[in-house]
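Both ligands and their constituent atoms are indexed starting at 1 by order of listing. Keep in mind it's a predicted model, so treat the numbers as computed, not measured.
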Amino acid sequence: MNAFVDLHAHSTASDGTLAPADVVRLAKEAGVVGLALTDHDTIAGLAEASAEASHLGLTFVPGIEISARPPTENGTLHILGYCIDPQNAVLTEMTRQLIDARDNRNPRIIARLRELGIDITMEETLAQAQGGVLGRPHIAALLVKKGAVKTIKQAFDEYLGQGGKAYFDKERLAPRDAIGRIRQAGGLPVVAHPIQLRTSNDSQLQQVIKDLVDLGLAGIEVIHSDHGPVDIEKYTALADRYNLLKTGGSDFHGTNKKDINLGIANGRRIPRQWMDELLAAGRK
Ligand code: AMP
Ligand code: ZN
Ligand code: FE
Ligand code: FE
């Protein structure tokens with residue numbers, strides 16, 4: 001029988017809506033045999049998730065997702081770090097720095113929303129995040145709750161996304177530093193959802209991936225909820241060309257991304273073999 005995994009998921013440690021242990025329980029129910037938790041800028045959920053996974057007999061892969069400066073206009077560059085050592089000092093220092101950058105940005109978003117006439121406070125926003133790393137999906141969910149917008153998508157389109165009325169960027173790591181620090185923390189850097197790089201053609205895509213490989217990239221997320229069959233084919237070819245690990249995941253966020261289900265990415269399953277190869281590379 002074919003076995004499947006999910007190597008990209010978020011919990012309440014960042015902007016997901018299920019606690020780390022609940023993400024693991026749902027993964028078990030969804031029938032996957034392995035799961036990676038990849039919260040934004042934090043490893044706070046890993047211990048809880050790992051404990052629940054061993055309890056349920058699921059293979060657990062420790063992960064993180066960090067944003068770096070995109071090499072493309074209007075694109076985003078997210079780097080997943082797998083098999084990181086949660087005790088590593090470089091890693092904890094990096095997460096502190098990334099959370100500082102959010103603490104710098106988030107109040108500006110709230111101030112602008114208030115200027116635009118929306119009754120919202122930083123205190124409410126922090127409450128919405130329940131102690132997790134505060135991200136724009138929390139603000140979006142609060143805007144929905146308040147009736148300022150109908151959906152999370154509308155919150156991003158009108159206010160929070162690039163070009164939105166309350167969009168502010170946060171300070172990001174250079175790709176070299178994001179990749180370098182994951183390596184220093186014993187981890188494997190993998191470029192997340194390359195579709196979101198928004199490269200304008202295949203040769204630019206190839207150049208961007210090659211540059212990341214030169215900086216120490218170990219893998220590419222081939223299957224993702226935003227990827228269609230043509231994308232998957234392209235990223236598979238790049239993985240083969242640059243000898244990269246292939247990964248895949250749903251990018252599950254609970255009700256903060258309602259159309260994404262754990263264990264499945266745009267109708268596709270992620271083969272267990274990809275997790276096994278990732279873990280084998282992580283042990284080296
Ligand atoms: P932040 O970490 O605060 O920069 O927010 C990033 C999160 O917002 C990630 O989970 C993204 O997938 C999500 N996000 C970014 N743009 C959009 C969008 N247009 N619609 C829905 N979610 C988005
Ligand atoms: Zn997220
Ligand atoms: Fe991402
Ligand atoms: Fe993600």
Beyond-backbone contact of Leu212 with Tyr242, side-chain heavy atoms, under 4.5 angstrom: no

Heavy-atom check, side chain of Arg136 versus side chain of Arg105, under 4.5 Å: yes

Sidechain-backbone polar pair: Asp6 side chain, Leu262 backbone, donor-acceptor under 3.5 Å: no

Validation row: Lys210, Asp214 side chains within 4.5 angstrom (heavy atoms): yes

Amino acids in close contact with ligand 1, where any non-hydrogen atom sits under 4.0 angstrom away: Asp15, His40, Arg102, Arg105, Gly135, Arg136, Pro137, Phe156, Lys170, His253, Lys257

Pro229 vs Arg268 side-chain heavy atoms within contact, under 4.5 Å: yes

All salt bridge (charged side-chain N to carboxylate O under 4.0 Å, His left out) counterparts of Glu52, not counting sequence neighbours: Arg25

Tyr235 and His227 aromatic ring geometry - parallel, tilted or perpendicular at 30°/60° bounds: tilted

Ser14 side chain vs Asp39 backbone, donor-acceptor pair below 3.5 Å: no

Note, Met122 side chain near Leu134 side chain (heavy atom, < 4.5 Å): yes

Protein N/O/S count near the Zn ion (ligand 2) (criterion: distance under 2.8 Å): 4

Donor-acceptor contact present, side-chain Asn88 to main-chain Leu91, <3.5 Å: yes

Count of N, O or S atoms belonging to protein, less than 2.8 Å from the Fe ion (ligand 4): 4

N/O donor-acceptor pair under 3.5 Å between Arg114 side chain and Ile120 backbone: yes

Side chain to side chain donor-acceptor pair (under 3.5 Å) partner of His224, chosen from Asp251, Asp231, Asn266: Asp251

Exam field: side chain His10 to backbone Thr38, donor-acceptor pair closer than 3.5 Å: yes

